[in-house]
Amino acid sequence: MAAALLVVALACMPSYSGPHPGDAFLARAQEAGFSLGDPVMIRIFKRESQFELWMRKDDRFELVATYPICYWSGKLGPKEREGDRQAPEGFYAFTREQLRTGGRHPLSINIGFPNAFDRAMGRTGSYILLHGGCTSIGCFAMTDPIMEEIYKLVDQAFHQGQDRVQVQVFPFRMTEANLAPYASNKWYGFWRTLKQGYDAFESTRVPPAVSVCNSAYVVSAAEPDGDAPTRVAADVCSSEPPIVTASAGPAPKRPHLKARPRVASSHKAGKASHGARVASRPSRFAAVRLHKTAAAGSRRIR
């Protein structure tokens with residue numbers, strides 16, 4: 001009986017078999033030296049409405065694609081409670097079990113809100129997703145064609161052995177110049193803490209390990225030799241396990257990506273149905289307009 005239940009459970013695990021990423025994207029990725037199944041990492045910048053997909057090459061992560069976020073709700077600042085219509089900010093991680101198929105959106109990913117830090121701060125909420133379409137209440141809507149591409153690359157990374165994918169969500173790019181105008185903002189201290197994780201990744205190009213100690217994030221930068229830390233330093237809340245760990249060890253060498261014929265998708269890019277709200281945010285309105293060309297190749301390969 002137990003064996004039968006195990007078979008059923010494995011059969012129900014999400015596994016994507018739909019359209020492959022576009023041939024042009026795969027060709028550019030192959031030229032840049034990436035392989036399907038390499039470990040991935042995600043960064044999100046709310047003010048810029050940008051979604052970055054990073055993949056590991058050798059012992060560091062490199063930017064593979066930058067997508068415009070079609071829609072996110074709320075304003076700059078973290079999510080505090082269920083129903084506040086606010087998109088979160090912070091450090092998250094998801095496993096293969098958090099990939100979702102079916103429902104309102106054919107493909108989606110639960111990023112793992114609330115994490116240990118959010119819970120320590122008394123924050124509530126659930127099912128904060130990366131999903132398709134172009135409407136959202138607390139989630140990040142990427143349109144269906146782009147979500148197919150993100151989902152496929154993440155799913156293949158799990159198949160090749162990555163145990164969890166780190167998601168870093170920032171209010172904006174965390175430079176001193178961008179932070180300065182917000183010195184009197186109530187979230188300034190919180191954002192300076194997020195900047196530690198931003199700076200750690202910028203300097204090493206390896207996702208840092210992030211733990212929680214005394215209701216605060218503690219960032220432990222990883223060395224760019226593939227040996228990621230598994231917990232914070234011994235003299236800083238050493239009993240607290242990390243809530244986000246970096247990918248350990250270099251990825252095994254695999255054949256480079258091969259372009260495959262594009263399978264026609266029945267999903268169409270969502271259209272912004274909240275015109276008034278989007279129009280009130282110039283940068284996000286521009287992001288929606290960018291989606292007219294996003295599925296046709298508005299990716300950046302480095």
Is there a continuous path of hydrophobic side-chain contacts, each under 4.5 Å between heavy atoms, that joins Phe94 to Leu129? no
Compare every heavy atom of Phe91 with every heavy atom of Val210, then report the nearest pair and how far apart it is. CG1-CD1, 3.9 Å
Show the numbers, then the answer: is there a side chain to side chain contact (heavy atoms under 4.5 Å, CB included) between Ile44 and Glu52? CA-CA 6 Å; Ile44 292 173; Glu52 292 183 347; over 6 Å; no
Flag the pair Lys46 / Val169 as yes when at least one side-chain heavy-atom distance between them is below 4.5 Å, and no otherwise. yes
Using side chain to side chain contact (heavy atoms under 4.5 Å, CB included), reason through Glu148 and Leu107 one step at a time and then give a plain yes or no. CA-CA 7 Å; Glu148 287 173 357; Leu107 301 172; 3.8 Å; yes
Taking the six-membered ring of Phe190, is NZ or CZ of Arg192 closer than 6.0 Å to its centre and within 45° of its axis? no
Find out whether Phe140 and Tyr71 are in side-chain contact, i.e. whether some heavy atom of one side chain is under 4.5 Å from a heavy atom of the other. no
Please identify each residue that fulfils salt bridge (charged side-chain N to carboxylate O under 4.0 Å, His left out) with Arg123, with sequence neighbours left out. Asp118
Supply the atom-to-atom distance Ile69 CD1 to Leu130 CG, rounded to the nearest 0.5 angstrom. 9.0 Å
Stepwise side chain to side chain donor-acceptor pair (under 3.5 Å) check, Gln166 with Gln168: CA-CA 7 Å; Gln166 185 172 135; Gln168 303 176 356; 2.7 Å; yes
Please report the shortest heavy-atom distance between Met147 and Ser108, naming the atom on each side. CE-CA, 4.1 Å
Exercise: identify the closest heavy-atom pair between Gly138 and Ser73: N-OG, 2.6 Å
Under the salt bridge (charged side-chain N to carboxylate O under 4.0 Å, His left out) test, residues paired with Lys195 that sit two or more places apart: Glu176, Asp199
I want to check something: taking the side chain as every heavy atom from C-beta on, are Phe61 and Val40 in contact at a cut-off of under 4.5 Å? no
dist Leu63:CG -> Arg43:CZ (nearest 0.5 Å) comes out at 8.0 Å
Which pair of non-hydrogen atoms, one from Pro208 and one from Ala221, has the smallest distance, and what is that distance? CB-CA, 4.2 Å
Between CE of Met174 and CG of Leu194, what distance do you get to the nearest 0.5 Å? 5.5 Å
Without hydrogens or angle criteria, can the side chains of Arg173 and Gln50 be said to hold a donor-acceptor pair below 3.5 Å? yes
Side-chain touch Val218/Val212, heavy atoms, less than 4.5 angstrom: no
Under-4.0 Å salt bridge between Lys57 and Asp38: no
What's the spacing between Asn110 CG and Cys139 SG if we round to 0.5 Å? 8.5 Å
Once you round to the nearest 0.5 Å, how far does OG of Ser220 lie from CD of Gln196? 11.5 Å
Between Glu89 and Trp187, is there a side-chain donor-acceptor contact under 3.5 Å, judged purely by atom types and distance? no
Take Met121 and Ser215 through the test side chain to side chain contact (heavy atoms under 4.5 Å, CB included) and record every step on the way to the result. CA-CA 7 Å; Met121 300 299 292; Ser215 301; 4.2 Å; yes
Take Glu149 and Tyr67 through the test side chain to side chain contact (heavy atoms under 4.5 Å, CB included) and record every step on the way to the result. CA-CA 11 Å; Glu149 195 162 284; Tyr67 306 99; 2.8 Å; yes
Can you name the residues that form a salt bridge (charged side-chain N to carboxylate O under 4.0 Å, His left out) with Glu82, not counting sequence neighbours? none
Salt bridge (charged side-chain N to carboxylate O under 4.0 Å, His left out) for Glu62 and Arg205? Distances and angles first, verdict last. CA-CA 7 Å; Glu62 294 190 13; Arg205 288 293 190 259; over 6 Å; no
Aromatic plane relationship, Phe117 with Tyr217 - under 30° parallel, 30 to 60° tilted, over 60° perpendicular: parallel
Look at the aromatic rings of Phe170 and Phe45 and report parallel, tilted or perpendicular, splitting at 30° and 60°. parallel
Hey, what's the ring geometry for Phe172 with Tyr182, parallel, tilted or perpendicular (30° and 60° as the breaks)? parallel
Could you check whether any side-chain heavy atom of Ile128 comes within less than 4.5 Å of a side-chain heavy atom of Lys79, counting everything from C-beta outward? yes
Side-chain heavy atoms of Ser136 within contact of His131, under 4.5 Å: yes
When rounded to the nearest 0.5 angstrom, what distance separates CZ in Phe113 from CZ in Arg119? 10.0 Å
Min side-chain heavy-atom separation Trp191-Pro171 under 4.5 Å: yes
Test item: Asp84 side-chain N/O and Gln86 main-chain N/O as donor-acceptor pair under 3.5 Å: yes
If you take all heavy atoms of Asp144 and Gly132, which pair is closest and at what distance? OD1-CA, 3.2 Å
State whether the side chain of Gln98 and the backbone N or O of Thr95 hold a donor-acceptor pair below 3.5 Å, judged by distance alone. yes
Does Arg96 reach the side chain of His159, with side-chain heavy atoms less than 4.5 Å apart? yes
With sequence neighbours left out, the residues meeting ring-ring contact (aromatic ring centres under 6.0 Å, His included) with Tyr127 are none
Could you list the residues that satisfy ring-ring contact (aromatic ring centres under 6.0 Å, His included) with Tyr188, not counting sequence neighbours? none
Can you pull out every salt bridge (charged side-chain N to carboxylate O under 4.0 Å, His left out) where at least one residue sits in residues 105-116? Sequence neighbours excluded, please. none
